[in-house]
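Side-chain atoms are counted along with the backbone in the values below, which use heavy atoms only and exclude waters and symmetry mates. By convention in this document, chain letters (A, B, ...) are assigned in the order of the sequence lines, proteins followed by strands, and residues within each chain are numbered from 1.
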Amino acid sequence: MYQLVSEVGPDTVAVTGLDAAGSPLGLPRTLTLREFRIFVVDSEPAGPRWVWEDTARIYPKLLRHEIRVQRCHDLRLCHVILRNSALTAHSDIGRGAPGPFDEVLSLDRPEGTGPALFELMDVGTSDAAASTGLLDEFLLQLRAVSGSEQPGRIRLLLAAESAGALIAAEMTHAGLPWRSDIHHDLLTRELGARVAPGTRPERLEGLASRVRLELGDALLNPDSSTELLRALQRAGLAVTSTRAWALKDLSHPVIEPLLLYKKLSRLLTANGWTWMEAWTSAGRFRPEYLPGGVVTGRWAARGGGALQLPKQIRGAVVADPGWKLVVADAAQLEPRILAALSADLSMAAAGRGTDLYAGIVASGVVETRDHAKVAMLGAMYGATTGESGRLLPRLAAAYPRAIALTETAARAGERGESVTTRLGRSSPPPSAAWHATQAKAYDSGATAGDESRARSQARDWGRFTRNFVVQGSAAEWALCWMAEIRRELQTLHAVRDGFATAPHLVFFLHDEVIVHTPEGLADRVESIIVEAAATAGRLLFGDFPVDFMLTTATVDNYAAAK
DNA sequence: TGTGAACGCGCG
DNA sequence: AAAGCGCGCGTTCACA
């Protein structure tokens with residue numbers, strides 16, 4: 001049922017079989033990684049769940065030893081969920097004093113460095129003690145789940161979160177196919193020939209000179225927002241910021257070269273040659289993903305800006321010869337999630353078999369797709385002004401259940417309460433400073449300033465909780481989608497096949513995945529991805545009739561996907 | 001010389 | 001004045 005794995009040395013693990021209740025079936029066995037590899041291959045047909053402290057810490061090492069597992073339970077990630085979830089608030093984990101699992105150790109330490117959690121547990125460092133520390137935590141987690149009001153949901157969430165951790169490590173291991181030669185050519189074409197770091201390539205320097213000339217300031221550093229703002233104001237432009245959107249509609253000869261300078265300067269500093277050498281090697285981009293890195297349950301990434309990969313350079317993501325990239329993104333994911341969360345049949349119907357925003361237009365709610373989109377985003381983000389604010393009443397009239405859900409979440413946040421996603425991830429409580437500001441507004445001596453500060457801060461938190469429910473539930477859908485894709489991809493090839501021969505996930509961006517696959521399997525991969533979206537919808541929302549539509553493309557390079 | 005805030009911009 | 005959510009990262013700039 002379960003196999004509890006603890007690291008007891010650089011190349012050894014202790015493994016203990018557990019029954020469904022978490023009771024040990026024997027004593028821990030200490031195995032070298034070579035032995036463990038054989039053990040895993042022999043055990044996998046029985047479908048065990050491998051329980052360990054921290055996937056980000058142990059699994060990269062296993063992958064380097066060609067060890068892959070189907071399922072795991074990540075104690076670190078699951079602890080965070082159970083500790084905060086309203087569904088397990090009455091469990092020992094929910095109520096207990098902070099322990100070693102409340103430290104966010106692995107977020108700050110690269111893989112394989114620093115002590116394992118059990119070493120901080122003050123239980124001794126023998127193999128048995130290491131296993132005992134993890135087992136105690138696992139038992140607490142099992143009890144928290146079984147004692148929850150919604151054990152099915154929280155159990156699915158823990159499984160999905162853990163699957164995500166496996167996928168993240170596997171994606172880093174496999175890497176995103178990257179053609180440095182194409183990247184280099186693109187940089188050279190856009191910026192000019194490569195020059196030493198700290199200096200500007202020819203084309204960029206030319207643009208900087210034009211900006212200086214048009215603003216009559218020969219010493220201006222266009223990278224300094226302070227200097228730039230003063231120079232723009234001296235030139236007679238009524239601006240208070242140098243952001244591109246604030247400049248784009250102004251009529252002045254400096255604007256065109258300045259906006260181009262900003263665009264290219266960003267390319268150079270964020271994804272130029274320095275980035276290429278730091279983050280790509282041997283034809284792969286290997287970012288480090290951080291599952292659970294965002295409070296809502298979205299992933300974050302560290303180094304290389306994996307989740308900000310600009311469209312500008314996606315042409316460098318190219319399938320290997322004889323392979324294809326299957327790119328899929330969930331169309332209008334968050335509004336569909338909102339429709340299902342709120343059981344709003346009208347909104348679900350608007351998205352059935354079609355672009356959801358187009359469906360809103362077809363229902364006569366608003367006139368254009370752009371209006372439908374800006375109104376929906378405004379409803380989910382809490383916009384009150386501008387076009388979005390003006391359109392909101394029409395949306396509320398057409399989709400009262402959906403809009404009521406967002407409003408209810410916002411009001412809860414304004415009162416300082418937490419909100420919970422579909423599967424049971426709860427928002428963090430506001431800080432002590434937040435409560436202090438609220439309390440101050442109710443003091444007898446409160447000033448108008450105290451009151452408006454408190455109101456504004458309450459609304460800020462309301463916008464956060466309003467969005468938390470939708471963004472967090474969408475993240476859960478995406479994790480289930482990806483876990484299903486991963487599981488089904490493995491039916492396409494023998495279990496022993498590695499990343500060099502079998503289709504595998506190589507990229508994930510909130511509501512979008514890329515699978516790298518041998519050309520001949522691309523059609524079947526695409527079907528798997530589409531079917532997995534429907535499965536994820538059923539896992540979260542049962543029979544509620546909401547479509548999760550995808551845009552899919554089988555391409556040679558990522559830029560061709562959109 | 002190091003540190004952290006502010007700014008700006010990339011992604012969803 | 002405030003102003004729609006969530007992130008990471010590079011640069012500048014003020015300050016210890």
Side-chain angles (χ1 to χ4, degrees), chain A residues 107 197-198 200 220-229 239-248 258-259 261-272 274-275 278-279 287-290 292-314 329-335 337-338 373-392 406 409-410 413 419 427-428 448-449 452-453 455-457 459-475 477-478 507-513 558 562:
Chain A
L107 290 180
R200 294 190 183 93
L220 173 71
N221 174 9
D223 294 328
S224 164
S225 51
T226 313
E227 288 182 34
L228 187 58
L229 183 61
V239 287
T240 55
S241 140
T242 66
R243 285 197 286 272
W245 68 259
L247 303 177
K248 68 178 171 38
L258 177 55
L259 291 180
Y261 175 86
K262 280 171 168 286
K263 189 88 186 158
L264 296 184
S265 171
R266 167 86 193 181
L267 174 63
L268 176 68
T269 56
N271 297 100
T274 307
W275 178 91
W279 295 102
E288 186 181 359
Y289 298 97
L290 302 175
V294 179
V295 281
T296 58
R298 275 189 174 182
W299 288 12
R302 174 170 55 193
L307 305 183
Q308 305 142 259
L309 197 68
K311 297 198 161 120
Q312 220 174 358
I313 62 165
R314 292 183 180 181
D329 82 81
Q332 307 94 42
L333 177 60
E334 293 196 348
I337 291 287
L338 174 59
K373 183 173 179 175
V374 76
M376 273 307 313
L377 291 176
M380 293 185 297
Y381 293 165
T384 54
T385 61
E387 188 150 70
S388 183
R390 277 198 303 281
L391 293 167
L392 186 63
T406 65
V419 295
S427 63
S452 81
R453 248 191 310 282
R455 261 198 306 277
S456 154
Q457 183 197 253
R459 280 195 300 269
D460 288 349
W461 200 254
R463 283 193 304 278
F464 166 63
T465 54
R466 170 198 296 272
N467 187 248
F468 183 96
V469 184
V470 178
Q471 188 184 117
S473 299
W477 179 90
F507 197 56
F508 172 54
L509 193 52
H510 307 311
D511 60 0
E512 176 173 349
V513 297
Y558 189 14
K562 275 193 212 162

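The main-chain N or O of A:Thr296 is never found under 3.5 Å from a side-chain atom of A:Gln471 such that the two would form a donor-acceptor pair. Listed for the A:Arg466 side chain is a donor-acceptor partner under 3.5 Å among the backbone atoms of A:Ala379. For the pair A:Thr465 (side chain) and A:Val419 (backbone), a donor-acceptor distance under 3.5 Å is absent. No donor-acceptor pair under 3.5 Å is formed between the side chain of A:Arg298 and the backbone N or O of A:Gly472.
Taking atom CH2 on A:Trp461 and atom P on C:dC5, their separation rounds to 12 Å, with Å as the unit. Taking atom CG of residue A:Leu220 and atom P of nucleotide C:dT12, one finds them 12 Å apart after rounding to whole Å. Straight-line distance from the CG atom of A:Asn271 to the P atom of C:dT11: 12 Å, rounded to whole Å. For the pair A:Glu288 CD and C:dG8 P, the computed distance is 12 Å after rounding to whole Å. Put simply, CG on A:Leu377 is 9 Å from C1' on C:dG4, counting in whole angstrom units. As rounded to whole Å, 12 Å separates atom P of C:dG6 from atom CZ of A:Arg466. Between the C1' atom of B:dC9 and the CG atom of A:Leu228 lies a distance of 14 Å, rounded to the nearest Å. One can place CG of A:Leu247 at 9 Å from P of B:dG8, the figure rounded to the nearest angstrom.
When heavy atoms are screened at a 4.0 angstrom cut-off, A:Val469 is found touching no nucleic acid atom at all. Residue A:Leu333 is out of contact with every strand shown, counting any heavy-atom pair closer than 4.0 Å. If you check every strand for non-hydrogen atoms under 4.0 Å, A:Ala244 touches sugar and phosphate atoms only. Using a 4.0 Å heavy-atom criterion, one finds that A:Ala270 contacts no nucleic acid atom at all. Heavy atoms of A:Ser388 sit under 4.0 angstrom from at least one base atom. Across all strands shown, A:Arg314 has heavy atoms under 4.0 Å from sugar-phosphate atoms exclusively, and none from any base. Among the atoms of the strands shown, none is found under 4.0 Å from any heavy atom of A:Ala379.
The shortest non-hydrogen separation linking A:Phe508 to A:Val513 is CD1-CG1, 3.9 Å.
When the side-chain nitrogen and oxygen atoms of A:Asn221 are compared with OP1 and OP2 of C:dT12, one or more of them lie within a distance under 4.0 Å. Phosphate contact (OP1/OP2 of B:dG10, side-chain N/O of A:Lys262, threshold under 4.0 Å): absent. Within the structure, every side-chain polar atom (N or O) of A:Thr226 is placed at least 4.0 Å from both OP1 and OP2 of B:dC7. Within the structure, every side-chain polar atom (N or O) of A:Thr385 is placed at least 4.0 Å from both OP1 and OP2 of C:dA2. Phosphate contact (OP1/OP2 of B:dG12, side-chain N/O of A:Lys311, threshold under 4.0 Å): present. For A:Thr242 and B:dG8, the shortest distance from a side-chain N or O to OP1 or OP2 is below 4.0 Å. A close approach under 4.0 Å does not occur between any side-chain nitrogen or oxygen of A:Ser225 and OP1 or OP2 of B:dA6.
C:dG4 is unpaired under the Watson-Crick or G-U wobble criterion, no partner having all donor-acceptor distances under 3.5 Å.
Counting only heavy atoms from C-beta on, A:Asp511 has its side chain closest to B:dG12 among B:dG12, C:dT12, C:dG6. Taking the side chain of A:Arg243 as heavy atoms from C-beta on, and the options C:dC13, B:dC9, C:dG4, the nearest nucleotide is B:dC9. Side chain of A:Ala383, nearest nucleotide from B:dG8, C:dC7, C:dG4: C:dG4. When the nucleotides C:dC13, C:dG4, C:dC7 are ranked by their closest atom to the side chain of A:Val295, C:dC7 comes out on top. The listed nucleotides are B:dG12, C:dT12, C:dG6; the one nearest the side chain of A:Glu512 is B:dG12.
Evaluation of atom-type donor-acceptor distances gives a pair under 3.5 Å for the side chain of A:Arg266 against the base of B:dC9. Between the base of C:dG6 and the side chain of A:Gln471 there is no donor-acceptor pair shorter than 3.5 Å. Residue-to-nucleotide contacts include a donor-acceptor pair under 3.5 Å from the side chain of A:Arg298 to the base of B:dG12.
The existence of a salt bridge linking A:Asp460 and A:Arg455 is excluded, since no basic side-chain nitrogen approaches an acidic carboxylate oxygen closer than 4.0 Å.
Comparing C:dG4 with B:dG12, their P atoms are spaced 22 Å from each other, to the whole Å. Annotation: B:dC7 and C:dA1 have their P atoms spaced 15 Å apart (nearest Å).
Note that the CZ atom of A:Arg302 and the CD atom of A:Glu288 stand 4.0 Å from one another [nearest 0.5 Å].
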